[in-house]
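To keep things clear, I will list the structure first and then write my remarks on it.
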Amino acid sequence: MINFIKCHGSGNDFILIDEIANSYTFSEEERRQLSVLLCDRKNGVGSDGILFVMKSDVAEARMRMFNSDGTEAEMCGNGLRCVARHIIQSDGRASIHIETEKAVLAVEQVEPIYKGIDTFSVDIEPVSFEVETLPMNYEKAEAMDVEIPGLSHDFTFTALSVPNPHIVTIVDEVVQQDLIDIGEKANNSPSVFPKGVNVSFVQILGKNKIFVQTFERGVGLTNACGTAMSASTLVSTILGPNDLETPIVVINKGGLVNCVVEKADRRYKIQLRGNATNVYSASIDVNISTSEWNWIETETHHSEIDKYEKLKEYASSQI
Ligand SMILES: N[C@@H](CCC[C@H](N)C(=O)O)C(=O)O
């Protein structure tokens with residue numbers, strides 16, 4: 001039997017499995033198989049990924065994030081807010097640390113970004129523009145606002161890791177089919193992106209206000225991607241009209257978040273602030289070896305869902 005919480009950050013939805021509270025001990029292969037089985041939107045529970053909450057020797061907890069195709073990501077910004085909420089609400093402290101694959105990150109509960117929405121802030125770092133950190137094979141050490149050979153002649157991209165890999169382009173209008181085409185091409189170009197890449201289109205809506213949509217590595221088109229919105233805020237601060245140290249409103253298909261970019265010496269740090277909404281809690285019976293599973297029990301969190309709908313309505317009125 002597996003207990004989990006179905007949650008989302010900006011409509012980027014996850015199955016959160018607390019391995020500590022439930023004393024689960026999955027093998028690496030089981031985590032991969034569970035992700036493919038349960039994230040499937042047709043025959044599974046349906047989600048963009050699984051968040052495994054594990055013990056940490058250096059922080060209050062450790063987060064591991066698996067995409068719906070079973071690959072593991074270095075980081076997940078929307079997922080980290082959901083894990084932050086989960087640990088903060090059981091721990092009782094409003095400000096803690098969570099270990100991720102590349103860094104131990106500060107997370108905290110902050111002022112609501114919209115009325116009635118419990119809001120969590122997570123640090124997104126380390127940030128690097130060196131192409132080898134994605135990794136990306138390119139003729140120069142950095143790829144800043146350039147055409148990427150083989151991808152498209154119509155768009156210029158900036159490559160960065162936060163620390164998962166991203167390429168970001170600023171467009172006049174987001175054309176979803178272009179994003180899908182480029183996302184698929186980039187993720188089928190191992191000679192350029194040996195570990196794949198998240199691809200984002202950014203539309204500048206005004207000063208300190210952007211719209212972002214992302215084709216995620218290991219998933220495809222999602223409602224929102226937290227690390228992508230952070231990377232897009234940084235790129236549109238360097239190349240566009242956004243201010244440093246100011247909450248940038250980032251509208252997405254699933255709602256909105258705020259991102260704040262800080263610069264110290266030549267290093268950037270981004271804070272991502274937004275919802276972490278629990279949709280339902282569930283128990284399922286799973287046989288990983290036969291890929292069979294059944295619902296045992298679910299409890300829907302109606303009032304959270306209703307409050308989030310209001311934020312979503314407001315966000316879509318802002319595009
Ligand atoms: N949606 C996530 C990122 C999930 C991982 C990504 N698909 C990758 O493989 O890097 C977020 O909110 O950051």
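For ligands, and for the atoms within them, numbers begin at 1 and follow the listed sequence.
A search for side-chain hydrogen bond (donor to acceptor under 3.5 Å, both in side chains) contacts involving Glu299 returns nothing, not counting sequence neighbours.
Among all non-hydrogen protein atoms, the one lying nearest atom 1 (N) of ligand 1 is Asn12 OD1, 2.7 Å. The shortest contact between atom 12 (O) of ligand 1 and any protein heavy atom is with Gly226 N, 2.6 Å. For atom 2 (C) of ligand 1, the nearest protein heavy atom (residue, atom name, distance) is Cys76 SG, 3.2 Å.
Close contacts between ligand 1 and Asn78 involve ligand atoms 11 (C), 12 (O) [criterion: under 4.0 Å to a heavy atom]. Residue contact check: Ala73 has heavy atoms under 4.0 Å from atoms 5 (C), 8 (C), 9 (O), 10 (O) of ligand 1. Here is the list of ligand 1 atoms found below 4.0 Å of a heavy atom in Glu216: 1 (N), 2 (C), 3 (C), 4 (C), 5 (C), 6 (C), 7 (N).
When all heavy atoms of Met136 and Ala143 are compared, the pair lying nearest together is CE-CB, 4.1 Å.
Under the salt bridge (charged side-chain N to carboxylate O under 4.0 Å, His left out) criterion, the residue pairs touching residues 226-249 are Lys207-Asp243, with sequence neighbours excluded.
With respect to the salt-bridge test (charged N to carboxylate O, under 4.0 angstrom), the residues Lys195 and Glu74 do not qualify.
Checked against Ile50 for a side chain to side chain contact (heavy atoms under 4.5 Å, CB included), the options Leu16, Asn67, Ile17 give a single hit: Ile17.
Atom CD of Glu28 sits in a crowded spot, with more than 12 heavy atoms from other residues, nucleotides or ligands closer than 6.0 Å.
At a heavy-atom distance under 4.0 Å, no atom of Thr71 approaches ligand 1. Residue-level proximity to ligand 1 for Thr227 is carried by backbone and side chain together, each with a heavy atom below 4.0 angstrom.
At least one heavy atom of Met75 sits closer than 4.0 Å to an atom of ligand 1.
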